[in-house]
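Working notes, structure below.
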Amino acid sequence: MSHDHHEQSFFSKYLFSTDHKVIAMQYLFTGMFMALIGGFFAYGFRMQLAFPGIEVPGLGLVTPNLYNELVTNHGSIMIFWVAMPVLIAAFGNYLIPLMIGCDDMVFPRLNRLSYQIFLISAIVLIASFFVPGGGFSGAWTSYPPLSAQAKYNLTPLGAPMWLTAVALEFVAFLLGGINFITTLMNSRAPGMKMWDIPIVLWMIVIASIVFMASAGPLIAGAVMLLFDQIYHIGFFNPNKGGDPILWQHLFWFFGHPEVYVVLLPAMGIVAEVITVFARKKLFGYKTILYTTIATGTLSFFVWAHHQFVAGIDPRMANVFTITTILISIPVTEMCFAYIATLFGGSIELRTPMLFALAFLAEFLIGGVTGIFLGSSGSDIYFHDTYFVLAHFHYTFVPIAIISVFAGIYYWFPKMFGRHMNETLGKIHFWGTVIPFNLIFLPLFFLGLAGQHRRIYSYENFPELAKPYLQDLRILATVSLIVMLSFQVVFLFNFFYSIFKGKKAEKNPWRANTLEWAAASPPPHGNFPELPQVYRPPYEYSVPGRELDYWPQNEKA
Amino acid sequence: MEYIIERASSFAGDIDFLIVLIAVLGGFWLLLAEAVLFYFIVKYRRKASPKAQYITGEEEVSKKWLHWPHYAVIVCDLFIIFFAIQTWVKIKQTLPKPDAVIEVVGQQWAWKFTHPGLDGKLGTKDDVKTVDELHVVVNKTYQFKLKSDDVLHSFSIPVFRLKQDAVPGRTITGWFKPTKTGQFDIQCAEICGIGHGIMGAKLYIETEEEHRTWLEHQRMAQVNGNRINTAKK
């Protein structure tokens, strides 16, 4: 395949391509488009919270039903149609073949099918906003009986369409996952042993394994719920002998591993970026890998911490408290290893590095605040409050936004053969990270004050209607608007640089991994000659060498 | 915590203690990690440190920098697990002998309460039924029977630090003991449809006398209501 440079029409090159790089870009652009929708929804409901009853510019009056629809779909979109396609599918597709030195995925047509199904799922979701009754509004967790019966949720079409979209999205990622695992195991360049695989690929593949092992129960659950919605079977209907809590188990058995499915690729991207910009070998490669595997494994045994007060047997909560608190051990160890990587480095604060370091600084806050929720006793109070919301945004925003920006700024020269503007990048960085904290720190406080989730107006709750709490809501909303406006800087920089950016050479960051041995951008088939690997990926600043890097494919 | 939100139940203090404990232990590690991170970023920036060192992190001498904090984290975790479970068992796994039993039913979009009447027993003729207001007596232990008529709801009283989902088809038993009088919010903390945002109720914690007066008022209202109904007929 590598010498197969036949001319392709625009149609077959960009729409029906089997090239992993084109598919990666399709995922990336679809994900970015969905992120705009998700961000717009956040703007809509935050405006209502800060200024209840206002005609939101560009959206109109946010009714209670529209409010629920916005929060439901904001969550669904950001996780299923932004974090997953960008972190797993876009970076996975782009990086796996390039970083292991092969010409494409092992199942290129399966790969194309995966994107096509994903695209259909996104279209079904968007279409669901326009059907009579409006889009689904029963929260992204879709708990029955609310989600199962139209007489409760009042969205007879929106609910099944949402569920269909989610199920299709899963099918897409199952296909992608098979491809990732097989490719990494079978197509590595000659000489690339297990310990020579860049950590980001390990993380993407372990995430794919975790995803594939956890998605089954939820797909089954989704089909059951769909049957409940359409044929009124009653799997989750207590009046027909069903049990609504069963759905929660099926959902969270997938839902919690999912957190680590998106966390791991983000950690991987950050590992690549900090080693390059600190010119350091990754501290404890094997330790990091083992903690990744431990995290992935433990993630299957923590799901019921979402259900402490849901009506499960209270004795079960003790088991899940222990497993949940224990998962802090591999994750902190991973974070410590990353911080240790900076020790003795020579740190250059370019835009990708700024985002990678911000990921570490912010994710630590997200991790520590999780302990309040994982320990059953305090979760009685915090469950379903804004404390939970602030906690998981302190994990998900670093994961799905900050680390993705690190990855985009870092691999942009490879993807498009040009550089992004550094000054605009730094403006975008500060304009994203500072408002991010100003959105969610107030929300932690509101959660402490007892503010519960998915409420369109707190005027009905005297304890929460105090003016100083309203000021905090306004602060969060204004910060969100500031953060969203700074994304314009990014979008301009991104699209302008694709066409007009400074030309990039093959290896502008002087990095070691194999993708930098290909041309920028790599042609169809990637490498003129398939590379050979001679050493591990993070040999930076090796004593006795004049250059401070040592590409994996360079003969000794 | 009590500066942010009042405490009004016997176990609110236990939960607040746990929250403070985690804040202290977690906060210590958070601040330490952030401090080290920022210190490294400043100390090893390119200007100050033009040439990086070569450290694999695989030798014992460097691994100990991961292992020692790692063991210290385990010790902190054990503390947290111990107190988390202790608090949990006290609130959710034990059921103290109640002074009174009430019934709480969630429906789209209101809380319905059944209080025992002057006889102090639930399930008798003088039970007092209310919508969106719950009246309890301070320093009495209450057991609640929580049900739902339609979808999931979550019976949440922030000043009690109490939360329990209501599940259709099940009766979930729990307890609380109010410790100060006043008026407080009752929330529904699980999304339950279009009216979730208005599904709130009032909690009135009263002294014994106030509660008796309230019960008598209810009784009178009931009798009067019956009289009016009979007269109409």
Side-chain angles (χ1 to χ4, degrees), chain A residues 64-65 139 143 145-146 152-154 238 244 279-281 283-284 287 309-311 314 317-318 321-322 325 328-329 332-333 336-337 339-340 342-348 357 360-361 364 368 371-372 375-378 380-381 383-384 448-450 452 454-457 460-461 463 541-543, chain B residues 4-5 15 18-19 22 26 30 33-34 36-37 40-41 44-46 49-58 65-66 69-70 73-74 77 80-81 84-85 87-88 91-93 150-152 154 156 158 161 163-165 167-170 172 185 187 189-194 196-198 200:
Chain A
N65 202 32
Y143 282 0
L146 181 65
Y152 296 140
N153 59 43
L154 309 177
R279 315 307 292 166
K280 270 292 303 285
K281 191 177 170 71
F283 190 94
T287 313
V309 297
N318 301 327
T321 293
I322 295 171
I325 302 297
S328 69
I329 294 165
T332 38
E333 183 142 12
F336 288 155
I339 296 172
L342 299 174
F343 173 84
S346 171
I347 296 169
E348 195 185 1
L357 295 172
L360 288 178
L364 283 169
V368 167
I371 302 173
F372 292 94
S375 71
S376 49
S378 42
I380 301 171
Y381 181 59
H383 181 79
D384 258 324
L448 281 170
H452 52 321
R454 297 159 181 152
I455 302 294
Y456 71 98
S457 163
N460 303 308
F461 300 91
E463 282 166 22
S541 313
V542 178
Chain B
I4 303 173
I5 178 157
I15 290 188
L18 181 60
I19 292 172
I22 299 173
L30 176 67
E34 299 279 2
V36 173
L37 175 64
F40 283 176
I41 294 172
Y44 298 109
R45 67 192 189 282
R46 177 88 20 115
S49 154
K51 181 96 179 92
Q53 304 170 27
Y54 184 80
I55 301 162
T56 63
E58 307 278 356
W65 289 100
L66 291 189
H70 170 125
V73 167
I74 293 181
D77 278 357
I80 292 170
I81 289 173
I85 291 182
T87 311
W88 176 265
I91 300 168
K92 292 282 184 182
Q93 252 172 279
D150 37 44
V151 300
L152 300 179
S154 188
S156 164
R161 314 286 188 269
K163 196 169 285 137
Q164 178 61 55
D165 284 9
V167 183
R170 296 190 190 190
I172 296 170
D185 284 0
Q187 310 169 336
E190 187 66 65
I191 189 167
C192 57
I194 186 172
H196 174 55
I198 53 162

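Residue numbers start from 1 in every chain, and the chains themselves are labelled A, B, ... in the order their sequence lines are given, proteins ahead of strands.
- Separation of atoms OH (A/Y381) and OG (B/S156) is listed at 8.0 Å; rounding is to 0.5 Å.
- Looking at A/D384 and B/S154, their side chains never bring a donor and an acceptor atom within 3.5 Å of each other.
- The line from NZ of B/K163 to NE2 of A/H383 is 7.0 Å long, rounded to the nearest 0.5 Å.
- Of the listed residues (B/I91, B/V167, B/I19, B/I15), the one with the most heavy-atom contacts under 4.5 Å to chain A is B/I19.
- The two residues B/A33 and A/F336 have their closest heavy-atom pair at CB-CE2, 4.3 Å.
- Annotation: maximal heavy-atom pairing with chain B below 4.5 Å, among A/S376, A/S378, A/P64, occurs at A/S376.
- Only the side chain of A/T332 comes within less than 4.5 Å of a heavy atom of chain B; its backbone N, CA, C and O stay farther away.
- When each of B/L30, B/T87, B/I80, B/I172 is checked for heavy-atom pairs under 4.5 Å with chain A, B/L30 comes out on top.
- Ranked by heavy-atom pairs shorter than 4.5 Å toward chain A, the options B/L152, B/I74, B/V73, B/V36 are led by B/L152.
- For B/P50, the part lying under 4.5 angstrom from a heavy atom of chain A is the backbone only.
- Only the side chain of B/I5 comes within less than 4.5 Å of a heavy atom of chain A; its backbone N, CA, C and O stay farther away.
- B/S49 places a side-chain N or O within donor-acceptor distance of the main-chain N or O of A/G345, the cut-off being under 3.5 Å.
- The heavy-atom pair separating B/I191 from A/A139 by the smallest distance is CG2-CB, 3.7 Å.
- Here the closest non-hydrogen pair linking A/N318 and B/I85 is OD1-CG2, 3.7 Å.
- Contact annotation for A/N153: neither backbone nor side-chain heavy atoms come within less than 4.5 Å of a heavy atom of chain B.
- Heavy atoms of A/L364 lying under 4.5 Å from chain B belong to its backbone as well as its side chain.
- Across all non-hydrogen atoms, the minimal contact from A/G450 to B/Q187 is O-NE2, 2.9 Å.
- B/I22 touches chain A through backbone and side chain together, each having a heavy atom under 4.5 Å away.
- The contact between B/R45 and chain A is made by backbone and side chain atoms together, counting heavy-atom distances below 4.5 Å.
- Taken to the nearest 0.5 Å, the OG1 atom of A/T287 stands 5.5 Å off from the CD atom of B/E58.
- To the nearest 0.5 Å, atoms CD1 (B/I194) and CG (A/L154) are separated by 6.0 Å.
- In this structure, CG on B/D77 lies 11.5 Å from CD1 on A/I322, to the nearest 0.5 angstrom.
- Of the listed residues (B/I198, B/L37, B/L18, B/D165), the one with the most heavy-atom contacts under 4.5 Å to chain A is B/D165.
- Distance check, rounded to the nearest 0.5 Å: CD1 of A/I455 to NE2 of B/H196 gives 3.5 Å.
- Contact detail for A/I347 and B/I41: the closest heavy-atom pair is CD1-CA, 3.9 Å.
- When the candidates B/G169, B/G26, B/P168 are compared by the number of heavy-atom contacts under 4.5 Å with chain A, B/P168 comes out ahead.
- The two residues B/Q164 and A/G311 make their nearest non-hydrogen contact at NE2-N, 3.6 Å.
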